[in-house]
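Atoms considered below: every heavy atom in the structure, side chains included; atoms not considered: hydrogens, waters and symmetry mates.
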2 protein chains.
Amino acid sequence: MKEKHAIGIDVGGTNTKFGIVNKKGVILVQDRIKTNEHENVEEFIDDLAEKLNPMIEQYGGPEAFVGIGMGAPNANYYQGTIEYAANLKWKGIIPMAELLEQKFKIPAKLTNDANAAAVGEMQYGAAKGMKNFITITLGTGVGSGIIIDGKIVLGHNGFAGELGHVIVRNGGREHKGTGLKGSLEAYASATGVRDTAIELLQETQHSPSLLENYPINELTSETVFKCAEQGDSLANEVFEFTGQILGEALATFVHFSAPEAIVLFGGLTKAGDLIMKPTRQAMEDNLLQVFKNKVKILYSDLQEADAAILGASALVW
Amino acid sequence: MKEKHAIGIDVGGTNTKFGIVNKKGVILVQDRIKTNEHENVEEFIDDLAEKLNPMIEQYGGPEAFVGIGMGAPNANYYQGTIEYAANLKWKGIIPMAELLEQKFKIPAKLTNDANAAAVGEMQYGAAKGMKNFITITLGTGVGSGIIIDGKIVLGHNGFAGELGHVIVRNGGREHKGTGLKGSLEAYASATGVRDTAIELLQETQHSPSLLENYPINELTSETVFKCAEQGDSLANEVFEFTGQILGEALATFVHFSAPEAIVLFGGLTKAGDLIMKPTRQAMEDNLLQVFKNKVKILYSDLQEADAAILGASALVW
């Protein structure tokens with residue numbers, strides 16, 4: 001019998017990446033589409049099918065696949081649904097697994113996008129061989145996947161591991177998608193970095209900054225990073241502040257599940273020590289004695305898209 | 001062969017409670033000693049033996065027991081040690097399981113006191129039949145036990161579930177035992193309630209309060225409760241504030257492990273709706289849509305001492 005393959009799909013706030021994966025965890029072919037160009041989910045699936053169907057045919061047609069695994073924000077593993085995802089345009093409850101099965105005639109399973117990445121890290125990445133760790137994605141939003149005793153934590157309703165939405169500054173900055181005030185994602189995401197920069201620039205007594213050369217609409221976390229690298233003090237302050245908040249949150253997570261490591265990935269990690277130094281410091285400052293200097297902070301050594309595609313595909317084996 | 005029994009010991013910041021438990025979970029006999037009257041752990045164990053040895057003899061001597069299970073703050077299940085416990089006088093690393101085995105000639109196992117209570121709740125109490133829940137003790141300190149998929153979460157080093165030490169007000173009130181600033185235990189414990197009352201009374205423009213009739217040294221969480229019951233607005237404000245902080249923290253825990261319920265016990269729960277109304281409100285206000293109105297807050301229906309003794313004893317079966 002011919003070797004079967006799996007399809008892994010990673011739905012992010014900006015891009016949806018997908019690929020065909022063999023049992024050894026090699027991505028044989030991959031591509032991407034924009035997630036939020038599609039006002040409704042049917043158009044999204046049509047667009048996905050246009051690119052994915054030729055790949056499926058290339059590798060033997062639907063019957064040559066064991067399944068489709070998808071990682072998506074607010075995915076419910078038990079129900080196969082995406083529910084009230086703050087960073088997606090599709091509102092309410094989306095029966096995604098059902099829609100995928102109808103379109104592709106292949107069984108489909110869903111899990112949280114960050115959970116999928118955590119599984120990818122455990123099987124092929126920085127957390128290989130670890131039984132207790134947490135992955136945190138610092139991208140457009142903040143996602144997380146929690147592994148305890150070698151298993152993804154799903155919780156009673158399947159939505160465990162929404163660490164981007166814990167409150168870190170009570171009554172603080174409002175998150176547009178969720179309405180929550182002072183949540184981690186409002187600060188420690190690409191959007192949060194931008195918002196912090198804008199806030200600091202709006203202070204009447206701020207220090208002169210290269211960031212003032214950019215129109216406010218063109219400020220991004222990348223711009224802040226570039227200016228910080230050039231020694232701009234306000235831009236550095238943005239990363240100090242972001243790292244402080246992220247580190248405090250990591251300490252909270254350590255007190256919860258006592259992980260061996262926290263694996264970070266996503267765009268913000270590209271800021272390197274600019275964000276990691278204050279993050280590590282704030283984490284250590286807020287830990288009980290029994291945890292101090294014991295928890296590793298690692299960067300994912302998988303390509304971000306690869307971790308998520310591999311992890312999603314691992315759902316169906 | 002005669003039925004064997006277990007010994008359950010619950011070490012709290014104030015009292016140590018212990019009992020002999022049969023396999024059905026009936027506490028056949030129990031007693032208590034003061035925990036912190038003993039400057040060193042050997043005196044503590046001598047005192048414990050004085051009361052426990054006659055019970056052991058009454059039920060057939062050491063060979064009639066399968067083991068001693070102890071729940072204690074900062075207990076390390078893997079090592080059988082108590083390490084750097086903030087609320088105990090014994091500092092450093094205490095090889096408690098070894099000391100117990102030497103004294104009683106019965107095998108001993110340790111776990112976190114709150115973990116032991118969680119196991120008690122799962123087997124005999126409010127969480128009977130649940131696979132995903134969190135217990136929070138609101139006593140002298142704030143303890144917690146986390147159950148995921150029917151198992152206690154121990155984590156990589158055995159110290160998972162230290163939820164009393166998560167930061168809820170960054171840079172906030174200093175916790176004397178840990179040195180952490182703004183941790184949950186600094187607010188949502190009996191000590192925290194007292195400290196909040198004192199802080200409010202020290203504000204220059206506070207409302208007139210029955211609490212002013214007490215010398216500051218006689219203020220306790222019970223006094224605050226009595227005054228609040230009589231409609232004292234400052235005392236009520238203390239519980240509003242405490243509940244607000246506790247509720248925000250519960251929301252964080254829900255985002256982590258998506259429990260079916262949170263089971264509360266300990267002295268502060270006696271304040272009933274005075275603390276629970278603001279707690280529930282603050283929790284719901286800070287939850288993602290997918291969790292709103294879905295997580296139960298329950299009171300333990302076991303006697304507090306019973307849950308901990310039963311849970312500790314369950315370690316050795």
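A donor-acceptor pair shorter than 3.5 Å cannot be found between the side chains of A:E240 and A:N236.
Taking 4.5 Å as the limit, some side-chain heavy atom of A:M96 sits within range of a side-chain heavy atom of A:W90. For the pair B:I147/B:I152, a side-chain contact is recorded, criterion being any heavy-atom separation below 4.5 Å from C-beta on. A:T135 has its side chain out of reach of A:I146: every pair of non-hydrogen atoms, C-beta onward, lies at least 4.5 Å apart.
When heavy atoms are compared at a cutoff of 4.5 Å, A:E83 approaches chain B by way of both its backbone and its side chain. Both the backbone and the side chain of A:I167 come within contact range of chain B, with heavy atoms under 4.5 Å apart. Interface remark: B:F256 contributes backbone and side-chain atoms alike to the contact with chain A (heavy atom separation under 4.5 Å). For chain B, the nearby part of A:L287 is the backbone; its heavy atoms alone come within less than 4.5 Å. Looking at B:I245, neither its backbone nor its side chain comes within 4.5 Å of chain A, counting heavy atoms on both sides. B:T178 touches chain A through its side chain: at least one heavy atom from C-beta onward sits under 4.5 Å away, while N, CA, C and O do not. In this structure, chain B has a heavy atom under 4.5 Å from the side chain of A:D149, while its backbone stays farther away. Contacts between A:L184 and chain B at a heavy-atom distance below 4.5 Å are absent for every atom of the residue.
Counting heavy atoms of neighbouring residues, nucleotides and ligands inside a 6.0 Å radius, atom NZ of B:K294 exceeds 12 of them.
In terms of heavy atoms, B:K91 sits closest to B:I94 at O-CD1, 3.7 Å.
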Between A:K131 and A:E260, is the salt bridge (charged side-chain N to carboxylate O under 4.0 Å, His left out) condition met? List the steps.
CA-CA 8 Å; A:K131 294 275 185 200; A:E260 178 175 357; over 6 Å; no
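Comparing A:Y84, A:F159, A:F133 by how many heavy-atom pairs each has under 4.5 Å with chain B, the most go to A:F159. The candidate from A:K181, A:Q289, A:E248, A:R169 with the greatest count of non-hydrogen atom pairs under 4.5 Å with chain B is A:R169. No other option in B:A282, B:G161, B:G155 has as many heavy-atom pairs under 4.5 Å with chain A as B:G155.
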